[in-house]
Amino acid sequence: MAVIHRTTMSPGKLELLAAWMPSKPWYRGGGAPLLTKAGGFRLDDPEGEVGIEFMVVTDTSGDSPVTYQVPMTYRGAPLASAADGLIGTSEHGVLGRRWIYDGAHDVVLVEQLLALLAGRTTAQDQNASDAPDPTVEVRTEGAGVPQGLTGPGAVTETADASLVTVGPAAQDGPVSTLTLCRVLRPGPAPEDVGSAGRVLAGWSAPDGARQHGPFARLAAFER
């Protein structure tokens, strides 16, 4: 169970994201982001070592607001395999220095998201300890999500998503693609015969209206 500490972080999450996001191909702003927190959820690390958060932020620096998903992990030491995904470091008021990573590059987040898609874990409230978030919806499609998937492999950034290669422990086994939606759009997930499962969740629009839409999708497992 993740414990939510009521404390400070310096620099704060939004400050770190405002410096990091403009380098990403899916960022649509024209200058320095003006970010506000708009929602999200958490997953638990079974080992209790890594914080996992799917944060939603809205940028109002452009002509119209754009809402983004940034999955993040919080670690007590650097993770060499995720060096390309380092967002920055921050001093946590209780836990000390934390290394904050883009979760698309972190094996713990990817494997727990796969567990969520497979029904082996439950989404947690973003702001409360030991509180499931019933607004996070998991849809299993086709043959469902196979057991034993691991990742991440290669991470490819597009104009609105991050594509993460995942596969079984066996090196010669089949692989699939986990899509993390970066630019969030409200509405039902589009029908896709190539999907094994998807995650939908909610956030708040700038006017306070509740929105709900796709956060992640696992492509059908192919051999």
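The first residue in the sequence is number 1, and the count goes up from there.
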Can you pull out every salt bridge (Lys or Arg N to Asp or Glu O under 4.0 Å) where at least one residue sits in residues 8-32? Sequence neighbours excluded, please. Lys13-Glu53

Is the shortest heavy-atom distance from the side chain of Leu163 to the side chain of Val155 under 4.5 Å? no

So the ring pair (Phe, Tyr, Trp, His ring centres under 6.0 Å) pairs with at least one residue in residues 50-91 (sequence neighbours excluded) are Trp26-Tyr68, Tyr27-Tyr68, Phe41-Phe54

Rounded at 0.5 Å granularity, tell me how far CG in Leu218 sits from OG in Ser176. 4.5 Å

Members other than Trp99 in its cluster, when Ile, Leu, Val, Met, Phe, Trp, Tyr link by side-chain heavy atoms under 4.5 Å? Leu79, Leu86, Tyr101

Let me have the donor-acceptor pairs involving side chains of residues 31-39, under 3.5 Å, with sequence neighbours excluded, atom names and distances please.
{"from": "Lys37", "atom 1": "NZ", "to": "Asn127", "atom 2": "OD1", "distance (Å)": "3.0"}

Partners of Thr135 by side chain to side chain donor-acceptor pair (under 3.5 Å), sequence neighbours excluded? Asp133

My understanding is that only residues two or more places apart in sequence, or in another chain, count here; which of them pass salt bridge (Lys or Arg N to Asp or Glu O under 4.0 Å) with Asp102? Arg182

Is the backbone of Gly197 close enough, under 3.5 Å, to the side chain of Thr140 for a donor and an acceptor to pair up by distance? no

Return yes if some donor-acceptor pair links the side-chain N/O of Gln69 with the main-chain N/O of Cys181 below 3.5 Å, else return no. yes

Tell me the salt bridge (Lys or Arg N to Asp or Glu O under 4.0 Å) pairs involving residues 156-165, sequence neighbours left out? Asp160-Arg185

Run the side-chain contact (heavy atoms from CB on, under 4.5 Å) test against Ser90 and tell me which residues pass, sequence neighbours left out. Met9, Pro11, Leu16, Ile100

The criterion is salt bridge (Lys or Arg N to Asp or Glu O under 4.0 Å); which residues satisfy it with Arg75, sequence neighbours excluded? Asp106

Spell out, yes or no, whether Val50 and Val166 are grouped together once hydrophobic residues are joined by side-chain heavy atoms under 4.5 Å, including indirect joins. yes

Please, which pairs that meet salt bridge (Lys or Arg N to Asp or Glu O under 4.0 Å) have at least one residue in residues 201-212, sequence neighbours excluded? none

Check whether any side-chain heavy atom of Ile52 lies under 4.5 Å from a side-chain heavy atom of Asp44, and answer yes or no. no

Within a strict 4.5 Å, meaning less than it, do heavy atoms of the Glu137 and Arg198 side chains meet? no

Side-chain heavy atoms of Gln124 within contact of Pro132, under 4.5 Å: yes

Only counting residues at least two apart or in another chain, list the ones meeting side-chain contact (heavy atoms from CB on, under 4.5 Å) with Thr165. Ala154, Val175

So the salt bridge (Lys or Arg N to Asp or Glu O under 4.0 Å) pairs with at least one residue in residues 111-121 (sequence neighbours excluded) are none

Report yes or no: does Arg42 contribute a side-chain atom to a donor-acceptor pair with the main-chain N or O of Gln126 at less than 3.5 Å? yes

Is there a side-chain contact between Val199 and Leu113, using heavy atoms and a 4.5 Å cut-off? yes

Mind checking whether Val136 and Phe215 have side chains closer than 4.5 Å, heavy atoms only? no

Within-4.5 Å side-chain heavy-atom neighbours: Val66 and Thr58: no

Under 4.5 Å between any side-chain heavy atoms of Asp45 and Gln112, yes or no? no

